[in-house]
Participant: 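One structure follows; several queries about it will come next.
Positions are given from 1, in the same order as the sequence printed here. Just so it is clear, the structure is predicted and the values come from calculations on it, not from any experiment.
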Amino acid sequence: MAKKATPSPQEVAAAQADLNARMLIENFQEFAKSRNIDRPTMMSILDDVFRTMIRKKFEDDSNFDVIINPDNGDLEIWRNREIVDDDSEDIWDLDKIPLAEAQKIEPDFEIGESVAERIKIDDFGRRAVLLARQTLIQRVKDMERDNLYQKYKDLVGEIITGEVYQVWSREALILDKDENELVLPKSEQIPKDRYRKGDTVRAVVHRVDVVNGTPKVILSRAAPAFLERLFEQEVPEIYDGLISIKNVVREPGERAKVAVESYDERIDPVGACVGMKGSRIHPVVRELMNENIDIINYTDNLELFISRALSPAKVGSMKISEQTGRVSVFMKPDQVSLAIGRGGANIKLASRLVGMEIDVFREATDYEEDIALDEFTDEIEPWVIAELKKIGLDTGRAVLAVKKDDIVRRTELEEETVDDVYRVIRQEFADDDDLPTEAGAAAPSPATTPAANDDTDSAPAAQ
């Protein structure tokens, strides 16, 4: 019975080297597939990593061929050199080999021929192979980070849908359809939002930060852009460009104002955004947790635009100072509380919408006589008078017509100082029966925002 030939140590080493190379490539192939890396990209990474190994060991890789077959895990590295005479000056060139050394590989080699010598992966050393494995994995992770950054950098301001994976006190972790991790901070959530793992969330891509080289995608449901994108989805005229959203301001979950303009005179922008019986605006309101939305018809007429922005209140008259960026609006006492809104939300949003600070005052046209604040310098300090003048209060009756909370909010004055001002001024008008019974009394706030408005150029949305 014939005996099997015992493999030589060289053959055993070669087989082991092939096995190590196959395991390295197969492990990387499985890792790449789990990260959805396509074949051309995987081949490019493998080739680049192995050529880096070659350059570290041989200084140059231009005369090396790297042949990879990831399907069966085969790896072949061939070093190509030209045979030169043993005494030639070129024997030190990286792409040259002395005749004597070439004949150790194959005795029949002659000067001028080319030698293709196979380099086994174990020839690079164990540490180099371990480094190659780590480099392959790192290259995939770097590519994933770069792809994530490039993808979401171009999606800033766009709505995406994700699934809640984890909820913490300060933020929620959201997974997109490719299982990329996105962050929805508490500050960018609507206050009424409550999430549990597995919930579906719609939000706008707010920004993409880079933290220690890793992109961090920040989502937002509180940004004005989120409301703007929702309207684009619900109102075809906005998506088609027939209606333009000029500005959006929000108090997330509470109230919002949207200024719209139509480029087609046949289309009413407010009516188009609201829809038949609110069919278009109701889905937006539901998505925003019943946020009250006022749709306002934009106009270049600043005075008219300010009047519409203060809806549902009716404006009597106003004084606009473009130099200081402030507007003094005068209206009937029963309209002041509507203009200010609950917690001052309406006037804050109106100011942000028009880009100017709006001060609201009660009309005092029925008063026959008044006294300039400068006449009170003996009892009221000049800096206090200056603060009152900054918000348009330059007479005694004008001060008494504004409630204390409004003055404190608009100026640097404290409540005690305002009380002293009221006391001094009222003493001058002690015999006037037209004064309010309580100086600075707060006007009643409406329990709810009216659902209808006579001004056809703006429309508050019912919750």
Participant: Are a donor atom and an acceptor atom from the side chains of Arg194 and Gln189 found within less than 3.5 Å of each other?
Facilitator: no
Participant: Taking all atoms of both residues into account, what is the closest heavy-atom pair of Ile296 and Ala309, and its distance?
Facilitator: CD1-CA, 3.7 Å
Participant: Between Arg229 and Glu232, does any side-chain N to carboxylate O distance fall below 4.0 Å?
Facilitator: yes
Participant: Do other residues, nucleotides or ligands put more than 12 heavy atoms under 6.0 Å from the OH atom of Tyr239?
Facilitator: no
Participant: In this structure, are over 12 heavy atoms from other groups packed under 6.0 Å from Glu181 atom CD?
Facilitator: no
Participant: Indicate yes or no: does Asp419 engage Arg423 in a salt bridge with an N to O separation below 4.0 Å.
Facilitator: no
Participant: Can you check whether Arg79 reaches Ile54 side chain to side chain, under 4.5 Å on heavy atoms?
Facilitator: no
Participant: Any side-chain heavy atom of Thr377 within less than 4.5 Å of one from Ile380?
Facilitator: no
Participant: More than 12 heavy atoms of other residues, nucleotides or ligands under 6.0 Å from OH of Tyr165: is that the case?
Facilitator: no
Participant: Honestly, is Lys404 close enough over Tyr422, meaning NZ or CZ under 6.0 Å from the six-membered ring centre and within 45° of the axis?
Facilitator: no
Participant: About how many Å separate CE of Met318 and OG of Ser307, when rounded to the nearest 0.5 Å?
Facilitator: 3.5 Å
Participant: Would you call Arg55 and Asp60 a salt bridge, taking side-chain N to carboxylate O under 4.0 Å as the test?
Facilitator: no
Participant: Are any of the side-chain heavy atoms of His206 and Val156 separated by less than 4.5 Å?
Facilitator: no
